[in-house]
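Input: a single structure, listed below in structure tokens.
Convention: sequence-line order gives letters A, B, ...; per-chain numbering from 1.
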Protein chains: 2
Amino acid sequence: MASRAKKRDAGPELARVLYALGDPIRLEIVRQLARQGEIPCLGFGIDMPKSSLSHHFRVLREAGILGSRAEGTSIFNFLQVEELERRFPGLLPGILGNL
Amino acid sequence: MASRAKKRDAGPELARVLYALGDPIRLEIVRQLARQGEIPCLGFGIDMPKSSLSHHFRVLREAGILGSRAEGTSIFNFLQVEELERRFPGLLPGILGNL
DNA sequence: TTTATTGTTCGATAAAACTCGAACCATATG
DNA sequence: CATATGGTTCGAGTTTTATCGAACAATAAA
């Protein structure tokens, strides 16, 4: 076996992404980002303490769904569209199409 | 408000489906069903007690992802492809394509 | 420098989910 | 009838997650 060392068990990685998206609040975050581009953490209009929001952003970032960019005192979040499309082709469109 | 009473918040329903799929074991179940059609509960080769397996099947069924058909003493599971496609167009293909 | 604004991180607590054995229920088969 | 097969359900124990307040850090503005 020569030309195969990658293509490993894709299950866990995909499961992690789906798990991260399997929450109404996090799905709402993704929904707004898909429509409005970049949004700072406290700009989603979600009524919830900062620490709770921060938790959800972390889950989404660690799953590779969100990226963030610091500007001033704000942290702008954005969907990592290209990277996700590369990792899981067709997945994101299939989800965003139902938001 | 006349012509709108449905089309409610699609978030929770979608989140439930994604949550159900956000687990390696359940994703493996879906993967096998996508390839082999109908499989009885104990036919997935997953090393786990029946009660634990039953739990995962319940999660998948209650999310509307799996259907089941009793035959003899067995219960055959299958993906509810059409129903899922109707509820969330393009979602299932986007996921199965990465399994 | 002081004061806001925008977050993160750290416990602690509460709620959910996973796992497992045991009991149970059909449907078969001997 | 007795026994095996294939699953579900229940209850308990364990592990994860979610939520929140409090403390902290960095940048901006007064």
Extract from the structure each pairing of a protein N or O with an N or O of nucleotides 16-21 of chain D at less than 3.5 Å, listing the distance.
unit_1	atom_1	unit_2	atom_2	d
dT17(D)	O3'	Tyr19(A)	OH	2.7
dA18(D)	OP1	Tyr19(A)	OH	3.4
dA18(D)	OP1	Arg26(A)	NH1	3.1
dA18(D)	OP1	Arg26(A)	NH2	3.1
dA18(D)	OP2	His55(A)	NE2	2.7
dT19(D)	OP2	His56(A)	NE2	2.5
dG21(D)	N7	Ser51(A)	OG	3.1
dG21(D)	O6	Ser51(A)	OG	3.1

Is there a side-chain contact between [X] and [Y] (heavy atoms, below 4.5 Å)?
X	Y	answer
Ile39(B)	Ile29(B)	no
Leu96(B)	Val30(B)	yes
Val59(A)	Asp23(A)	no
Arg87(A)	Val17(A)	yes
Leu21(A)	Leu27(A)	yes

Are [X] and [Y] linked, directly or through other ILVMFWY residues, by side chains that come within less than 4.5 angstrom of each other?
X	Y	answer
Ile46(A)	Leu79(A)	yes
Phe88(A)	Leu60(A)	yes
Tyr19(A)	Leu14(B)	no
Phe78(A)	Leu92(A)	no

Exercise for the section: For Phe44(B), enumerate each residue passing the ring pair (Phe, Tyr, Trp, His ring centres under 6.0 Å) test, keeping only those at least two apart in sequence or located in another chain. Expected result: Phe57(B)
Practice task
Could you walk me through whether Leu91(A) and Leu84(A) pass side-chain contact (heavy atoms from CB on, under 4.5 Å), step by step?
Solution key: CA-CA 8 Å; Leu91(A) 177 64; Leu84(A) 274 173; 5.7 Å; no
Handout entry: Close approaches to DNA chain C from residues 34-45 of chain B, in residue order (heavy atom, under 4.0 Å)
Key = none
Handout entry: Nucleic acid contacts of residues 62-72 of chain B, taken as heavy-atom distances under 4.0 Å to DNA chain C
Key = Gly72(B)
Starting from [atom2] on [N], measure out to [atom1] on [X] and report it in whole angstrom.
X	N	atom1	atom2	answer
Ile75(A)	dT5(C)	CD1	P	17 Å
Ile46(A)	dG7(C)	CD1	C1'	15 Å
Asn77(B)	dG7(D)	CG	P	8 Å

Exercise for the section: Can you pull out how bent the helix from dT1(C)-dA30(D) to dG30(C)-dC1(D) is, comparing the axes over its first five and last five pairs, to 10°? Expected result: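 That helix has its two terminal axes inclined by roughly 10°.
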Quick one: which protein N/O atoms are closer than 3.5 Å to N/O atoms of nucleotides 1-4 of chain C? Pair and distance per line, please.
none

Exercise for the section: Report the distance from atom CD of Gln80(B) to atom CG of Leu66(B), rounding to the nearest 0.5 Å. Expected result: 7.5 Å
Problem - Between CZ on residue Arg26(A) and NE2 on residue His55(A), distance to nearest 0.5 Å - result: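 Between Arg26(A) CZ and His55(A) NE2, I get 5.5 Å after rounding to 0.5 Å.
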Problem - Test applied, side chain to side chain donor-acceptor pair (under 3.5 Å); reference residue, Asn77(B); option that passes from Arg69(B), Arg61(B), Glu38(B) - result: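 Considering Arg69(B), Arg61(B), Glu38(B), a side chain to side chain donor-acceptor pair (under 3.5 Å) with Asn77(B) is found only for Arg61(B).
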Practice task
Show the numbers, then the answer: is there a salt bridge (charged side-chain N to carboxylate O under 4.0 Å, His left out) between Glu28(B) and Arg31(B)?
Solution key: CA-CA 5 Å; Glu28(B) 169 64 17; Arg31(B) 197 182 71 88; 3.1 Å; yes
Practice task
Quick one: label Ser74(B) by what it contacts on the DNA or RNA (base, sugar-phosphate, nothing), any heavy atom closer than 4.0 Å.
Solution key: sugar-phosphate
Practice task
Would you kindly compare Lys50(A) and Phe57(B) by the position of their nearest DNA chain D nucleotide and give the one closer to the 5′ end?
Solution key: Phe57(B)
